[in-house]
Number of protein chains: 2
Amino acid sequence: MIPVLEKLVLHWGEMASRWGISRMVAQIHALLYFSPKPLAADEIVEALGVARSHVSNSLRELRSWGVVKMVHIRGDRREHFQSIQDVWQLFEILLDERKRREVDPTLKALREAQALVNDGAKTDTHTRERLREMLELFELMDNWFGGIRRLPLGSRVKLIKLGAKTGGWLR
Amino acid sequence: MIPVLEKLVLHWGEMASRWGISRMVAQIHALLYFSPKPLAADEIVEALGVARSHVSNSLRELRSWGVVKMVHIRGDRREHFQSIQDVWQLFEILLDERKRREVDPTLKALREAQALVNDGAKTDTHTRERLREMLELFELMDNWFGGIRRLPLGSRVKLIKLGAKTGGWLR
DNA sequence: ATTTCATTTCTGTTTTTTCTGAAAATAACA
DNA sequence: TGTTATTTTCAGAAAAAACAGAAATGAAAT
């Protein structure tokens with residue numbers, strides 16, 4: 001593997017635990033994203049020095065998220081895999097996935113707790129107030145996300161680019 | 001523990017792994033956040049049925065993030081702990097921490113890789129292009145975050161509330 | 001149809017993370 | 001200062017996650 005590529009793949013792997021995914025899944029994705037051509041499972045095995053079965057399972061996970069696609073290369077019997085190339089599309093999938101896993105379940109739990117309180121469950125005033133505020137925050141996040149998600153991708157990108165400029169918010 | 005409170009604490013614990021923190025840390029924080037009064041370490045031990053030492057370590061972590069403070073209760077020799085109560089402040093700390101752990105190191109790695117390429121390291125054209133795009137995205141995120149972070153908290157909240165409204169972005 | 005190559009499933013091992021309990025350290029009180 | 005209450009440190013046990021390798025399944029080619 002070319003040094004620069006190797007460095008990136010290893011770093012992706014190191015970051016994996018912080019991103020809440022397994023190291024191998026992250027490494028494989030980095031490899032596919034930065035590689036100039038689709039790779040067969042065996043080539044991934046060779047590049048990363050890992051068990052064939054594990055590559056198979058990791059690829060399944062990546063495909064289930066929609067960040068990696070299977071492609072057929074003519075003249076080769078094996079399946080090949082390639083990552084989505086557009087960073088913004090990748091970013092979007094990542095964000096959706098995180099919201100689904102990290103926000104939605106808690107929003108649900110908070111609503112259920114609120115429902116219990118409304119039905120007269122015994123609760124301290126202070127607890128009730130904290131619950132109300134926390135639920136409000138999560139509802140707001142949910143709406144915010146829904147709102148920005150409804151815009152076409154191009155507008156979202158523009159919006160972020162605007163916000164990145166100094167003073168872009170001040171209007 | 002009151003049922004509603006217990007439900008919330010258990011849920012926080014379940015979500016912990018998805019949020020990239022340990023279960024106990026999350027449970028303790030939920031307990032302190034929703035509880036009407038500061039709690040002593042022993043009270044946490046009793047409420048959660050966990051080893052004293054573990055509570056101590058988890059509290060240290062929470063304090064290092066600044067989400068939990070120590071308070072003295074007169075007439076009680078023991079230390080007591082309470083969570084920051086303002087949800088927006090909590091949210092902010094969480095976001096800062098995540099950026100620090102999940103974005104900053106990768107931004108650094110991407111810059112280093114880019115520097116290698118600029119210094120003439122052998123790289124495929126395609127790889128180089130993917131690197132450039134990915135770095136651009138991360139730089140943008142970094143700037144965006146820096147920009148919004150520079151606003152006073154109140155403005156940030158307003159901005160999110162605006163974005164949450166349908167059509168709030170369309171102007 | 002059977003042989004061959006490729007992929008997946010499954011079981012067990014290794015590694016990592018979380019958590020415990022005893023011992024050491026620290027701080028309050030008399 | 002000595003005594004007791006409280007907190008922290010640390011080594012290792014228990015639980016969870018990542019990973020390997022063999023066996024089973026499936027799919028193309030002759």
Side-chain angles (χ1 to χ4, degrees), chain A residues 9-32 38-65 68-82 97 101-102, chain B residues 9-32 38-65 68-82 97 101-102:
Chain A
V9 168
L10 290 180
H11 176 80
W12 242 242
E14 278 173 36
M15 293 303 291
S17 68
R18 306 194 183 184
W19 296 339
I21 57 178
S22 90
R23 185 168 48 141
M24 197 47 53
V25 170
Q27 284 190 356
I28 291 177
H29 179 253
L31 189 59
L32 294 177
L39 299 177
D42 284 331
E43 297 174 304
I44 298 173
V45 169
E46 198 186 358
L48 301 180
V50 72
R52 177 56 231 262
S53 57
H54 208 212
V55 169
S56 177
N57 290 332
S58 302
L59 281 172
R60 174 148 36 106
E61 193 167 346
L62 285 167
R63 273 193 296 160
S64 80
W65 295 351
V68 163
K69 309 281 184 200
M70 258 170 56
V71 293
H72 296 275
I73 301 273
R74 57 163 269 145
D76 197 328
R77 193 161 141 184
R78 301 168 305 174
E79 298 289 352
H80 287 64
F81 301 88
Q82 72 179 353
E97 183 67 19
R101 296 202 297 181
E102 302 178 4
Chain B
V9 168
L10 290 180
H11 177 81
W12 240 244
E14 278 172 36
M15 294 302 292
S17 67
R18 306 193 183 183
W19 297 337
I21 56 178
S22 89
R23 187 167 47 138
M24 196 48 52
V25 170
Q27 284 190 356
I28 291 177
H29 179 253
L31 189 60
L32 293 176
L39 298 177
D42 284 332
E43 296 174 305
I44 298 173
V45 168
E46 198 187 356
L48 302 179
V50 72
R52 178 55 230 263
S53 57
H54 207 213
V55 169
S56 177
N57 289 332
S58 302
L59 281 172
R60 173 149 36 106
E61 193 167 347
L62 285 167
R63 274 193 296 161
S64 80
W65 295 352
V68 163
K69 310 280 184 200
M70 259 170 54
V71 293
H72 296 275
I73 300 273
R74 58 161 269 143
D76 197 329
R77 193 160 141 184
R78 300 168 305 174
E79 297 289 353
H80 287 64
F81 302 88
Q82 72 179 354
E97 183 67 20
R101 297 203 297 180
E102 301 179 4

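Sequence lines set the chain letters: A, B, ... in the order given, protein chains first and strands last, and positions in each chain run from 1.
- Summarising the geometry of V50(B) relative to V45(B), their closest heavy-atom pair is O-CG1, 3.2 Å, with the distance given to 0.1 Å.
- The shortest side-chain heavy-atom distance between I28(B) and L39(B) does not fall under the 4.5 Å cut-off.
- E79(A) is listed as a side-chain neighbour of H72(A), based on a closest heavy-atom distance under 4.5 Å.
- With sequence neighbours excluded, no residue forms a side chain to side chain donor-acceptor pair (under 3.5 Å) with R63(A).
- A distance of 11.5 Å separates CG in L62(A) from CG in N57(A), rounded to the nearest 0.5 Å.
- Residue F81(B) comes nearest to L59(B) through the heavy atom pair CE1-CD1, 3.5 Å, listed as atom of the first residue, atom of the second, then distance.
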Could you pull out every donor-acceptor pair under 3.5 Å between side chains of residues 16-25 of chain A and any protein atom, sequence neighbours left out?
from: R18(A); atom 1: NH1; to: R101(B); atom 2: O; distance (Å): 3.2
from: W19(A); atom 1: NE1; to: E102(B); atom 2: O; distance (Å): 3.1
from: S22(A); atom 1: OG; to: V25(A); atom 2: N; distance (Å): 3.4

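- Between the CD1 atom of I44(B) and the P atom of dT8(D) there is a distance of 11 Å, given to the nearest Å.
- Rounded to whole Å, atom C1' of dT7(D) lies 14 Å from atom NE2 of H80(B).
- The minimum heavy-atom distance linking Q27(B) with V9(B) is given by the pair CG-O, 3.6 Å.
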Give me, pair by pair, the N or O atoms of the protein and of nucleotides 25-30 of chain D that are less than 3.5 Å apart, along with how far apart they are.
none

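- Along DNA chain C, read 5' to 3', the first and last nucleotides having any atom under 4.0 Å from a heavy atom of chain B are dT18(C) to dA28(C).
- In this structure, the separation between CZ on R78(A) and CE on M70(A) is 13.5 Å, given to the nearest 0.5 Å.
- Partners of D42(B) by side chain to side chain donor-acceptor pair (under 3.5 Å), not counting sequence neighbours: none found.
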Check nucleotides 15-21 of chain D for protein N or O atoms closer than 3.5 Å to its own N or O atoms and list the pairs.
from: dC19(D); atom 1: OP1; to: R23(A); atom 2: NE; distance (Å): 3.2
from: dC19(D); atom 1: OP1; to: R23(A); atom 2: NH2; distance (Å): 2.9
from: dA20(D); atom 1: OP2; to: A51(A); atom 2: N; distance (Å): 2.7
from: dG21(D); atom 1: N7; to: S53(A); atom 2: OG; distance (Å): 3.2
from: dG21(D); atom 1: O6; to: S53(A); atom 2: OG; distance (Å): 2.7

